2 protein chains.
Amino acid sequence: MFTIGKASEQSGVNIETIRYYEREGIVPKPGRSPGGRRLYSTDEIAKLRFVRRCRNLGFPILIIQTFLSLTIEDDRSCGEVKALAENHLDEINAKIENLTRLREALLGLSANCDDGTATCPMLDALMKDGFYA
Amino acid sequence: MFTIGKASEQSGVNIETIRYYEREGIVPKPGRSPGGRRLYSTDEIAKLRFVRRCRNLGFPILIIQTFLSLTIEDDRSCGEVKALAENHLDEINAKIENLTRLREALLGLSANCDDGTATCPMLDALMKDGFYA
DNA sequence: GTTTGCTCCTGTAGCCACTACAGGAATTAG
DNA sequence: CTAATTCCTGTAGTGGCTACAGGAGCAAAC
């Protein structure tokens, strides 16, 4: 059994974040030492690591909770997981597209910016009517 | 002069958001009607539209406030604007790279998912030690 | 055995940029 | 004149943490 500091080290999840996950019911409450300290088993630490990896993949907490319940149910999990992952993939692709369009717009706007001018063509363009959305 | 509803329509900024911008000092406080309603000039509406466009470009509020003060100062603005825009561009590019790497990881993980399996290879991989960060 | 220093505890508030009420007042349309 | 609409203020909630404050447990050095 490990105290929260070790659990944090081994899982890569910040101590405060671990406590937050517990408060929110994202991970189950761990046992306590006689002195009142949280004690984590390797299984519980694995679960924390799982949450971190999912977060790193950009999954929102709600989806991760579904994942966790699916790993318990163990039944027709894979289809649901795949669907959630593909949904998430679509969102990621949409974000990439948005950002790419944004980059183009920004490049176009700042292209005419040259240092030393009195009024800035980029700010001008953003202020004027009839331009850009 | 326009009430907040018309200002919202014409600027594309949500009514609640306009009041929020005012509270936060992002845009100056407008005049009021005898009955206490906010009244916006076309100039003030243009400013709101400017803020919205910048937000659409992904600029954080703090940077937009700098932009707004630069349009007032009107002095050596363009160099600063360009620097801020390029900085922002770098951040956008970093985000795109991150999301692209994420997409690859997710594609790799969900590739082995096929419906109907009892245990999911994706969840398995995320649970196991030795894998992925 | 006590002092030092580390880790841990709870509870609360802050971050960003909004959004969503509740409960009431003013304006406008019919 | 009434009904519908718009507006007002103030507060609280969103997601996913992060950062305290103020105190208690615990191990090792002296």
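Not measured: the values here are computed from a predicted model. Letters go in sequence order (proteins before strands), and every chain restarts at 1.
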Partners passing side chain to side chain donor-acceptor pair (under 3.5 Å) against [X] (at least two apart in sequence or in another chain):
{"X": "B/Glu16", "answer": "none"}
{"X": "B/Glu44", "answer": "B/Ser41"}
{"X": "A/Gln10", "answer": "none"}
{"X": "A/Arg101", "answer": "A/Asn98"}

Please list all pairs meeting side chain to side chain donor-acceptor pair (under 3.5 Å) that have one or both residues in residues 23-37 of chain B, counting only residues at least two apart or in different chains.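 As it turns out, there is no side chain to side chain donor-acceptor pair (under 3.5 Å) pair with a partner in residues 23-37 of chain B once direct neighbours are skipped.
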Would you give a per-nucleotide map of nucleotides 9-17 of chain C, 5' to 3', where B means the base has a protein non-hydrogen atom under 4.0 Å away, S means only the sugar-phosphate does, and - means neither? SB------B
Quick one: is B/Thr3 getting a side-chain N or O under 4.0 Å of the D/dC7 phosphate, OP1 or OP2?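 Answer yes for this pair, as a side-chain N or O of B/Thr3 is under 4.0 Å from OP1 or OP2.
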Rounded interatomic separation in angstrom, taking CD from A/Glu22 and P from D/dC17: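 Roughly 15 Å, once rounded to whole Å.
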Over how many whole Å does the gap from A/Ile18 atom CD1 to D/dT18 atom C1' extend?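 Computing the A/Ile18:CD1 to D/dT18:C1' distance gives 14 Å.
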Name every residue in residues 93-101 of chain B that has at least one heavy atom under 4.0 Å from any atom of DNA chain C, in order of residue number, or write none if there are no such residues.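 Those residues: none at all.
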Which atom pair, heavy atoms only, marks the closest approach of B/Ser8 to B/Val13?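 Nearest pair, atom of B/Ser8 first, then B/Val13: OG-O, 2.7 Å.
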Residue pairs fulfilling ring pair (Phe, Tyr, Trp, His ring centres under 6.0 Å) with at least one residue in residues 26-70 of chain A, sequence neighbours excluded: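 Found A/Phe59-A/Phe67, A/Phe59-A/His88.
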Just jot down the ring-ring contact (aromatic ring centres under 6.0 Å, His included) partners of B/Phe2, sequence neighbours excluded, or say none.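 Once residues adjacent in sequence are excluded, B/Phe2 has no partner under the ring-ring contact (aromatic ring centres under 6.0 Å, His included) criterion.
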